[in-house]
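Worksheet: one structure, shown below.
Throughout, a chain's letter reflects where its sequence line sits, starting with A, and its residues are numbered from 1.
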Amino acid sequence: MASPRPRTYAEAREVSSSNSELGWWVFMRISGLLLVFLVFGHLWTNNIVIDPATIDYDYVASRLAQPGVRIYDTFLLFFAMLHGVNGLRYSIEDYTKRPGRRFWYKILLYTVSAIIFVLGTMTLWAFTYQEMGDAVRAIGATQ
Amino acid sequence: MKRAHRFDVVVIGAGGAGLMAARYAAQNPNVSVAVITKLYPTRSHTGAAQGGVGAALGNVTEDRAEWHAFDTIKGGDYLTDQDVAELFSHEVIEAVYELEHMGLPFSRTPDGRIAQRKFGGHTREFGKSAVERACYAADRTGHMILQTLYQQSIKDDVAFFNEFYVLDLIIEGGECRGAVAFELATGELHTFHAKSTIIATGGNGRMFKVTSNAHALTGDLMSIAYRRGIPIEDPEFYQFHPTGLYKLGVLLTEGARGEGGILRNADGERFMERYAPSIKDLAPRDMVSRAMYLEIREGRGAGPEKDYIYLDLTHIDAAIIEERLPDITEFARIYLGVDPVTEMVPIQPTAHYAMGGIPTTIDTNVISDGRNTIVGGLYAAGEVACASLHGANRLGTNSLGDLIVFGRRAGIRAAAHAAGAEYGPLPSDNQDASRELLERLRAGPRTERVAHLRRELQDSMQDNASVFRTQELLEKQVGILADIKARMLHIGCEDPGQQYNTELMEAVELGFLYDNAEQLVFAALNRTESRGAHSREDHRERDDTDWLKHTLIYKDGDGVRIDYKPVTMGKYEPKPRIY
Amino acid sequence: MYRGREGQWAFLLHRVSGVAIALFLLLHVLDISLVMFGPDGPFDAFLAFYHNWPFRIGLLMVIAGVVYHALNGLRIILMDFTTWGVRYQRQLWYGVLGLTTAIGVPVLWIVVPQIVGGI
Amino acid sequence: MEPNEAQESIEATEPNELIETVDIVVKIKRFDPDADSRSYWAEYTLTARPSDRVLDVMHHIKWEVDGSLAFRRSCAHGICGSDAMLINGVNRLACKVLVKDLGSKIVIEPIRGLEVKKDLIVDMDSFFESYKAVLPYMINDEAPPAAERLQSPEERARFDETTKCILCAACTTSCPVFWTNGSYIGPAAIVNAHRFIFDSRDKGTAQRLDVMNAGNGLWRCRTAYNCTEACPRDIPVTRAIEEVRRAMLFRGA
Ligand SMILES: Cc1cc2nc3c(=O)[nH]c(=O)nc-3n(C[C@H](O)[C@H](O)[C@H](O)COP(=O)(O)OP(=O)(O)OC[C@H]3O[C@@H](n4cnc5c(N)ncnc54)[C@H](O)[C@@H]3O)c2cc1C
Ligand code: HEM
Ligand code: SF4
Ligand code: F3S
Ligand code: FES
């Protein structure tokens, strides 16, 4: 009745390839500390200071047009993504028992997060929203 | 898993003695070593020992090996073989240092040495005053010995067969060629072919109702050797420790009285004043146990059944109790719901230690008769063995010393023997006796229950053959044993399974226990004197002219045969044992 | 169910809240990135989806989760780097719960009408 | 119940409660590899003394009711580590918990996360493999002195608590991370590594830390404290884990 997952520590060592757990553990703590400020700051400005129900394209576009906000959000995006994705990895490793399945879940997680991270970065830096608004309006006008 | 194994050295038992033997056998590069044990090694009862291991290191005050040897001989009521005691008291010093080098975390003196404390019967200058001789690791010395030795065996990569019950020894032409064992996990029999076999299976305290011994201590190999024609030496000398928790037998260390604890009867009287006016509650174990029994028998026992004594610690500072006796405080609180700080603790003498066992030479070779004829390739060490270090009564802390000294000797000797020997041919029917035994027990009619017979055995041994013995009681016990023996033919197993059939094992163990009881009772019946732990009310005096000799009891058909051999004397002439 | 004590529940809540926030984060970045498609793009339509009832309640829980996760994260860091953090881990956890409520209630006071009111 | 039957059912007796008995229901999760494909609950109704150990109750069932019930035990007073079980939702030693502390309903299951072999007997080999992985023995190749290696009482005190471990597995099998991730090395192994890492005589710290630094080593611990609560020897397990982590973080610095 051989179990497909490594049951003993010795077996697990054979299948584990990285020794980076220490680094991630430290990172979770440092990023966690930073996130306290970043996340609460974010919540404060977007949920307390302004009523989120009033949020619309113009509000977001106008905020993203400010370089300060861009830099702030970049930090938030970067740390929250790494912190959160690594945290999700912990869960995958703890709850998926078969090494094969575990591998594919992680690939899926990393792919999705990479795409979203790229999207997020593009949102922050690829355009100025002035230009973008103009361009869109221009397209609309030609139709 | 294959069921035939071949190792140069096979060790049976993984307590202090077995692991020590395995370690030193494994040091010999020319031999392969395996350990067979019915429990996982760290479950062995060596782990229960609290007090310490006696060795004359002299770390606290001056001490000498000679003094230790003398104390051992006197403590053993002169039945100790004096050459063994001399050798022991010197080698135990080395052995303790070796344990320390293996990493044993001894408690320390302020200058960083192994800490030592006083213990009953250990004195300086041949009885002048108490000496700090017990080397200790807090109140878990045995636990640390067991752990340290197991750790070493991991380092040495010793092969273990855990949860394998040895059921038989293969003895052919005066030589041991290995053992047959039952694998608990699968229910299969395995044969271990060996050049040297070391027996280190511990005690047999479970033949009594109230005992400090583990459930696993059923004297298996004492019985197996006996069935294979090897005698048992001095089985009548069985030590009762005075302070076991009422009905449970869980041990409360001698340290409790060392810290000032007092024994009281139902009337609250400090009765030890009557029995040992000078040292009172700190008299030797056998004396205190006897006094407690007398009190109970004369109706001064406490409790609804008037069958226990109180250990009174209430006058001692609460902080001292908590700090120095944490374990026993916990035991009393958990198991009896009694808080030693404010209440008296109900106690009873508890069956503790077998001084006798499989007879060996000073080199741990098992011998098969009174002329010291050696059984080739067979060794024994630890509580199961009797090199006769403890004589008629063991001193506290000398058992752990025994394990490490004689365990080590056994390992070295057995490996040396194996390195120079060939495998003797294995009889083809080596498993037959074991298979028959198991089949009989599996298929038995079950008109008797194992648990009931065991309880009867334990109760009657406690009543008739424990602290006090008389011809009448012992003869009565002979009758009871005969009855139990006959009824044992009717036991059986409800569990038809092969895997982890613990019921079957208990049935086997009952048979072993029975043999141990038989050895004890017949030897005790014959010995018409009182010496050390063997106390005959009808023969109250020690009798050196007729009885300064070791018992050897043999299985003889359906009965027993008793023989004697002389005690090895030395520097010390027998004197009355006065403390 | 294993009858673990405070530590077990602290861990479980931390993990659940962490996963919830992380999943929300992925979604949130996705929705904000829709801004790239301009004012007439799918952004506002997506926001409308946020106004679904189940989603609003989920959002409230995520916010509460963030507060708990952040505070308990600080508790974990204290335990990792100080001996008294371990010794008083239980008290710290009650502190975390208390503070979560203390911060959470006023925040919800402000946020609930906003979220609920914006129908 | 006849009077002498009552006598038989007990080994432990609290003097004040000698006559007192209680009716209890014991539910045991059973599994017989020779007959069953899955485990089932068996229920036993019996009379016990409030001061009986759970182990006594189990013995009563085994000895008087159903001989096939399988469990491990030896010392019967909490020192050998054989009988860790999941009793009323918490890991404990059956010989160290009394009926009166549990009430009239007792639910007993095998400890979690290790393969069940029969009834309450689980596979301990994999547990011991994890223990062995941390090199739990003194590593010091320097020739020892003729007498003992010196160690001050303060140095000795540094690792006192982790020397108490009896390898009962109550901690590891109470850990929520271990339940779902059997390759986590587990608190018991870390406790035993701690015992050597903080021993001034040992020189194997680097090797041991390397082992525990690997993928499923001690960074897996999420400080759930179930291990600390479960330890029958009162070892501050989580604290020991944190100490080893810090040793790892700041080593060689
Ligand atoms: C509560 C208590 C406190 C004590 N305190 C002290 C003290 O302070 N100082 C002191 O010096 N002494 C003390 N003693 C005595 C001492 O601890 C024991 O005598 C000693 O530990 C016995 O060790 P051992 O190696 O012979 O056997 P054990 O440690 O009992 O080991 C027996 C081994 O044999 C195995 N075994 C048994 N039968 C079989 C079989 N059929 N097949 C395979 N394997 C088998 C078992 O699995 C086990 O591994 C104490 C004893 C008790 C009970
Ligand atoms: C606000 C401040 C935050 C702090 C102080 C913080 C702190 C921590 C810490 C210390 C851990 C490690 C837990 C452990 O090792 O036991 C952790 C885990 C985790 N965090 Fe955060 N975190 C914060 C915000 C976030 C955010 C914004 C997310 C989501 C994007 C997140 C998701 C996670 C996840 C999924 C885990 C893994 C949980 C587990 O495996 O048990 N955290 N956090
Ligand atoms: S640390 Fe405690 S719970 Fe864990 S194995 Fe050791 S004694 Fe048992
Ligand atoms: S229960 Fe598990 S998560 Fe850590 S603190 Fe104990 S090992
Ligand atoms: S039987 Fe030994 S710990 Fe319970």
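With a 4.5 angstrom heavy-atom cutoff, D:Asp101 does not touch chain B via any of its atoms. With a 4.5 Å cut-off on non-hydrogen atoms, B:Glu494 touches chain D through its side chain but not through its backbone. Neither the backbone nor the side chain of D:Ala35 has a heavy atom closer than 4.5 Å to any heavy atom of chain B. Looking at B:Leu39, the atoms closer than 4.5 Å to chain D (heavy atoms on both sides) all sit in the side chain, from C-beta outward. D:Leu167 touches chain B through backbone and side chain together, each having a heavy atom under 4.5 Å away. For B:Leu104, the part lying near chain D is the backbone, with the side chain staying farther off; criterion is any non-hydrogen pair under 4.5 Å. With a 4.5 Å cut-off on non-hydrogen atoms, B:Arg140 touches chain D through its side chain but not through its backbone. With a threshold of 4.5 angstrom between heavy atoms, B:Glu506 approaches chain D through side-chain atoms but not through N, CA, C or O. B:Met102 touches chain D through its backbone: at least one of N, CA, C or O sits under 4.5 Å from a heavy atom, while the side chain does not. Heavy atoms of B:Glu163 lying under 4.5 Å from chain D belong exclusively to its side chain. Proximity to chain B (any heavy atom under 4.5 Å) is shown, for D:Asp66, by both the backbone and the side chain. Heavy atoms closer than 4.5 Å to chain D are found in the side chain of B:Arg449, but not in its backbone. Contact of B:Asn59 with chain D is made through the side chain alone, with heavy-atom distances under 4.5 Å. D:Ile166 touches chain B through backbone and side chain together, each having a heavy atom under 4.5 Å away. Contact of D:Arg201 with chain B is made through the side chain alone, with heavy-atom distances under 4.5 Å. B:Thr148 does not touch chain D: none of its heavy atoms, backbone or side chain, sits under 4.5 Å away. Contact annotation for B:His143: only side-chain heavy atoms (C-beta onward) come within less than 4.5 Å of a heavy atom of chain D.
Minimum heavy-atom separation, D:Thr228 to D:Val237: OG1-N, 3.6 Å.
For the atom pair B:Gln147 CD and D:Asn192 CG, the distance stands at 7.0 Å (nearest 0.5 Å). One distance of note links CG of B:Asp157 with CD of B:Gln152; it measures 12.5 Å at 0.5 Å rounding. Between atom CD1 of residue D:Ile197 and atom OG1 of residue D:Thr162 there is a gap of 9.5 Å, rounded to the nearest 0.5 Å.
Remark: B:Glu100 engages B:Arg108 in a salt bridge, criterion side-chain N to carboxylate O under 4.0 Å. A salt bridge does not link D:Asp141 with D:Lys203: none of the charged nitrogens is closer than 4.0 Å to a carboxylate oxygen. With respect to the salt-bridge test (charged N to carboxylate O, under 4.0 angstrom), the residues D:Arg92 and D:Glu109 do not qualify. With salt bridges taken as basic N to acidic carboxylate O contacts below 4.0 Å, one links B:Asp220 and B:Lys38.
Geometrically, B:Arg455 does not engage D:Trp63 in a cation-pi contact, judged by NZ or CZ lying under 6.0 Å from the ring centre and within 45° of the ring axis. Remark: D:Arg156 is not positioned above the aromatic ring of B:Phe106, lacking an NZ or CZ atom under 6.0 angstrom from the ring centre and at most 45 degrees off the axis.
Among D:Cys165, D:Pro236, D:Pro136, D:Cys171, the single residue meeting the side chain to side chain contact (heavy atoms under 4.5 Å, CB included) criterion with D:Val191 is D:Cys165. Shown are D:Glu154, D:Gln151, D:Arg149; of these, the side-chain hydrogen bond (donor to acceptor under 3.5 Å, both in side chains) with D:Ser200 is made only by D:Gln151.
Ranked by heavy-atom pairs under 4.5 Å with chain B, the first of D:Gly78, D:Ala76, D:Gly81 is D:Gly81. Taking chain B as the reference chain and counting heavy-atom pairs below 4.5 Å, the highest number among D:Glu155, D:Met124, D:Lys164, D:Lys117 is found for D:Lys164. Of the listed residues (D:Phe71, D:Phe159, D:Phe128), the one with the most heavy-atom contacts under 4.5 Å to chain B is D:Phe128. Contacts with chain B were tallied for D:Pro153, D:Ser152, D:Cys75; D:Pro153 has the most, counting heavy-atom pairs under 4.5 Å.
Between B:Tyr40 and B:Tyr150, the distance from one ring center to the other does not fall under 6.0 angstrom.
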